[in-house]
Amino acid sequence: MFTFLLLINTLFVQAVLCLKLTELDVPSVVKQGAPVWLYCGYDLEEDELYSVKWYKNHVEFYRYLPSDEPPGQKYDLLGVHINLSKSNQTHVYLEKTDVNSEGSYGCEVSTEAPSYRTVKADKDMNVYVLPEGKPIIDGIDRMYDIGEYVNLTCKSRPSKPVAVLSWSINGQPVDERFLTPMQIERYVDGLESAVLSLQFHVTLNNFNQGVMKVRCTATISQDYYSHSEETVIGERLKTATPDPSIVNNEAGPKISGGQTRYRVGDVVDVNCTSAIDVRPAELQWFINEKKARPGYIIKYPNINYLGSMVASVLGLKFRVRQEHFLSDGLRLKCTATVSRIIGTSSKELTVGNLRHSSGPHVSENSGSALNKGSSCYVQVWLFWCFVAILCSITD
Ligand SMILES: *[C@@H]1O[C@H](CO)[C@@H](O)[C@H](O)[C@H]1NC(C)=O
Ligand SMILES: *[C@@H]1O[C@H](CO)[C@@H](O)[C@H](O)[C@H]1NC(C)=O
Ligand SMILES: *[C@@H]1O[C@H](CO)[C@@H](O)[C@H](O)[C@H]1NC(C)=O
Ligand SMILES: *[C@@H]1O[C@H](CO)[C@@H](O)[C@H](O)[C@H]1NC(C)=O
């Protein structure tokens, strides 16, 4: 009984005097070179601030102590280009980013006597580099005859992450059996090029009015993570303390259907629903930080919304056993991984058919305002067709 009262008492005290991290704003993906604001929001309640410290991969790079003169100080760290005059007790400004800026960024807030509390959260930041220019196609001939063997290689310009290549002929995707993925080329600066070759024997079907257009497209996409509010359930009381790194994270998945209390023998039956997005998310359940067993997982179809928007749903169902309760309760966490296309670029070449050589008609690329019309190969009447570098990062 005494322990129980003590527990209630502790919970009560915590509810009254509690330093909280309300928001950790670290972009999950940034383009190389771009400046970045990092934000650590906290609520001191009644307490007084002692320090705010920032870490990258657990190594401190900035600290703010109101008692210090000047209060803000930085520590040199590879890839962290901090501007002190723009940084303060809540914000940190990184003037630029490079491939070394990638990592996990953590903010730690501590309060003064008498409470001496510390809260901490971290979030990953990935840096991407779009390729400079269209992929390169090698091995093309000016004209092909029916039955002739075609062996083309497409190589993407260096990027991070590495591009995914695809081939099409006259707008139709090429069957996989004609494709051979080659070794990825790695460069010292951390960038990579993908290489995909295309081999086939020319048939009449490959020609559309005497021409065959082969196109290689490079797509860059990046995975980014968002975590749901972790649910912590106790045997007696719901002592849910949301993970501070995910508060206000609207892109995160949501856990629904849970009860506020469970006892050993009860069945947990909950759903995790991803935020509505243009692509389905890949969801994963964790029980006390361990990946949930496949037998506990229920797969549900995606929910489709107008404008081809979609949300993914993944159920978790299991009977609670004593060992599920750790000292601080039972923790359920759902993680959503969404992969976004952050850039595409492609190159198209047009070749003729010897049998239809009624004078090669140099096709002009219609319409694209981005057409650079370069004439790299003189004899070959090819054209650069299409360049679309789109950069849509949202987070
Ligand atoms: C930091 O930002 C200030 C204000 O924009 C600027 O004047 C200063 O040059 C920057 N400091 C460094 C070290 O780049
Ligand atoms: C810290 O810097 C940010 C960005 O310049 C600013 O919006 C904020 O008001 C500053 N905070 C304090 C307490 O000065
Ligand atoms: C295709 O061309 C590449 C060089 O461009 C060569 O390494 C490869 O062996 C060729 N493949 C075939 C099947 O001829
Ligand atoms: C989970 O979602 C599925 C499909 O949307 C629904 O049929 C099921 O009742 C939900 N379960 C809970 C526990 O909410």
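Ligands are counted one by one from 1 in listed order, and the atoms in each one are counted from 1 as well.
Using cut-offs of 30° and 60° for the angle between ring planes, the Tyr39 and His91 rings count as tilted. Using the six-membered ring where Trp is involved, Phe61 and Tyr105 have ring planes that are perpendicular, over 60° apart on the 30 and 60° scheme.
The closest protein non-hydrogen atom to atom 7 (O) of ligand 4 is Tyr300 CE2, 4.2 Å. Given atom 5 (O) of ligand 3, the protein heavy atom at minimum distance is Thr153 OG1, 3.8 Å. The nearest heavy-atom contact from the protein to atom 8 (C) of ligand 1 is Asn83 ND2, 3.9 Å. The protein heavy atom nearest to atom 1 (C) of ligand 4 is Asn271 ND2, 1.5 Å. Atom 13 (C) of ligand 4 has as its closest protein heavy atom Asp269 O, 3.3 Å. Residue, atom and distance of the protein heavy atom nearest to atom 4 (C) of ligand 1 are Lys86 CE, 3.8 Å.
Residues Arg63 and Tyr75 meet the side-chain proximity criterion, which asks for heavy atoms closer than 4.5 Å. Within the 4.5 Å cutoff, the side chain of Trp285 has heavy atoms near those of the Cys272 side chain.
Side-chain contact check for Ser115 and Asp47: at least one donor-acceptor pair (N or O, by modelled atom type) lies under 3.5 Å. Checking Tyr128 against Ser159 by side-chain atom types alone, no donor-acceptor pair falls below 3.5 Å. With 3.5 Å as the limit, one finds a donor-acceptor pair spanning the side chains of Asn88 and Thr90.
Taking every non-hydrogen atom of Ser85 and a distance limit under 4.0 Å, the qualifying atoms of ligand 1 come out as 1 (C), 2 (O), 3 (C). Close approach to Glu95 involves these atoms of ligand 1, each under 4.0 Å from a residue heavy atom: 1 (C), 10 (C), 12 (C), 14 (O). Atoms of ligand 3 found under 4.0 Å from any heavy atom of Tyr149, numbered from 1 in the order shown, are 13 (C), 14 (O).
Side chain of Ser156 to backbone of Ser193: no donor-acceptor contact under 3.5 angstrom is found.
Between Asn151 and ligand 3, at least one N/O pair is under 3.5 Å apart.
At least one protein heavy atom sits closer than 4.0 Å to atom 11 (N) of ligand 3.
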